[in-house]
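We name chains A, B, ... by the order of the sequence lines, and we start the count at 1 in each one.
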Protein chains: 2
Amino acid sequence: MTTKPKRAELREACISEAFRIVEESGVENLSLREVARRLGISHQAPYRHFASRDHILAEIIALSFDEFSVYLNSRPLNQSVHDDLRHMGLHYLNYAKHHPLKYRLMFNTPMPDPVKHINMMNKAQHAFSILSERLEHTPLRPLALSIESSSNLEALFVWSMLHGLASILQSDVLPSLKLTTLEKKHMIAHCFARLSQALQP
Amino acid sequence: MTTKPKRAELREACISEAFRIVEESGVENLSLREVARRLGISHQAPYRHFASRDHILAEIIALSFDEFSVYLNSRPLNQSVHDDLRHMGLHYLNYAKHHPLKYRLMFNTPMPDPVKHINMMNKAQHAFSILSERLEHTPLRPLALSIESSSNLEALFVWSMLHGLASILQSDVLPSLKLTTLEKKHMIAHCFARLSQALQP
DNA sequence: TTTAGTTTGTTGACACTGTCAACAATTTGT
DNA sequence: ACAAATTGTTGACAGTGTCAACAAACTAAA
């Protein structure tokens, strides 16, 4: 439990305590009352700073997107652009692996009404733009003329693969799929190889 | 509300009522008490048939996987194997699009302990096997020798892309990504084109 | 500085949830 | 037909989000 905060700092204290709760035990165990309890304040105090549970949720989702963006950008510099894209993908998967509860918070949680939480959506958009901009400067295998292309579309494709893979890797279903240990070990490498085949000229 | 069921049919009635609730308003609004209310029985009656909420959840997840498997198999027959794979993918996305709440139930919901709900896991495994078996009889572009391959691995790759795409398409984040209407319109076609490039010999 | 007004925190309530325990009705097996 | 087991009901408890009424504390003007 965190030390009892002074006035005016309560809002920030609530957010970081809520963030901590999600890190520790997942969004389904986040309750405003638990936040209040940990901060040693009354169960209604947080309501002076957040209109509803959704509003504090939006804050910590935004925080997570920030953290995620920083993590994506913290990848080592790579010589070739395709190597860099690859490392970005691996970084993506690493974040999901090491912060599964926060990853689920961002991507697997029914979100509060986006229109009411524009800041949150902007942070999400920013994380996406990292991927999109990386692809903007990556020469790709040409597609048939009938197929529309743009760095956003390529980013959506790569993101789909990464998000799907990250989800499956941490899914409860995976252990029941009767995969050999060899298959389990090579999942990521295989998917990245196929991704290269799709993208590399 | 369904008609009050006779004895011994209560278990089945609970399951289908719960299934209906999820279809209508999503898993987060599923409560045993609401099920009981709709069936006109006491709030505790369902507990004679399900040890906990998780147990009825496991039942309707299993049901959803069944429905999903049937849907995947209901695709029209296609001449070429790659065409068939493509249609399978489109069918996958169609299911997610037309049954978003059930799709989320299967793939985006923290599952009850898999070990305690083996039937549910078997149904999930069966849905996966449909994809895996399709890939088993589809000639694919060869990979580098250092890269492991198997129909399961190929299925995981395709599934990753499909699941990622399906999730993103129904995500609340999508509208905030500043995509042009043209990009939105071509998302699916683009991803499938890239998928073909990855897989087609 | 004192006072009035606004912001923030507290207490208590309500409706909702899952689940336990005790009891009643009903069905089943002999 | 009666004993036993199964199934259904009622009532309770702890947990949740949130509203309303009230109290304390900070802020701004006199």
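Atom CG in L32(A) sits about 16 Å away from atom P in dG15(D), given to the nearest Å. Between the P atom of dT17(C) and the CG atom of D54(B) lies a distance of 17 Å, rounded to the nearest Å. Whole-Å rounding puts the I41(A) CD1 to dA24(D) P distance at 18 Å. In this entry the distance linking CZ of R37(B) with P of dT9(D) reads 14 Å, nearest Å. Between E34(A) atom CD and dG17(D) atom C1' the separation is 15 Å, expressed in whole Å. Spacing between atom CG of L57(B) and atom P of dT17(C) amounts to 16 Å, rounded to whole angstrom units. The interatomic distance linking R11(A) (CZ) with dT7(C) (P) rounds to 16 Å, in whole Å. The OH-C1' distance, from Y47(A) to dT7(C), rounds to 19 Å in whole Å.
Here the side chains of L10(A) and L39(A) are in contact, with some heavy-atom distance below 4.5 Å.
Side-chain atoms of R53(B) stay outside donor-acceptor range of the base of dG18(C), with no qualifying N/O pair under 3.5 Å.
Close placement of the H55(B) and H117(B) rings is indicated, their centers lying within 6.0 Å of each other.
In this structure a side-chain-to-backbone donor-acceptor pair under 3.5 Å is missing from R33(A) to H43(A).
The aromatic rings of Y92(A) and F68(A) sit perpendicular, their planes meeting at an angle over 60°, well past the 30° parallel limit.
Neither OP1 nor OP2 of dT6(D) sits under 4.0 Å from any side-chain N or O of H49(B).
A salt bridge is defined here as a Lys NZ or Arg NE, NH1 or NH2 lying under 4.0 Å from an Asp or Glu carboxylate O, and K185(A) with E148(B) fails to meet this definition.
In this structure E34(B) satisfies the salt bridge (Lys or Arg N to Asp or Glu O under 4.0 Å) test together with R37(B), R38(B), sequence neighbours excluded. Residues satisfying the ring-ring contact (aromatic ring centres under 6.0 Å, His included) test with F128(A), not counting sequence neighbours, are W159(A).
Ranking dG17(D), dT8(C), dC16(C) by closeness to the R48(A) side chain, first place goes to dT8(C). Here dG17(D) is the nucleotide among dT10(C), dG17(D), dT7(D) with the atom lying nearest to any side-chain atom of S31(A).
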Nucleotide N/O to protein N/O under 3.5 Å, stretch nucleotides 10-13 of chain D:
residue	atom	partner	partner atom	Å
dG11(D)	O6	H43(B)	NE2	3.1

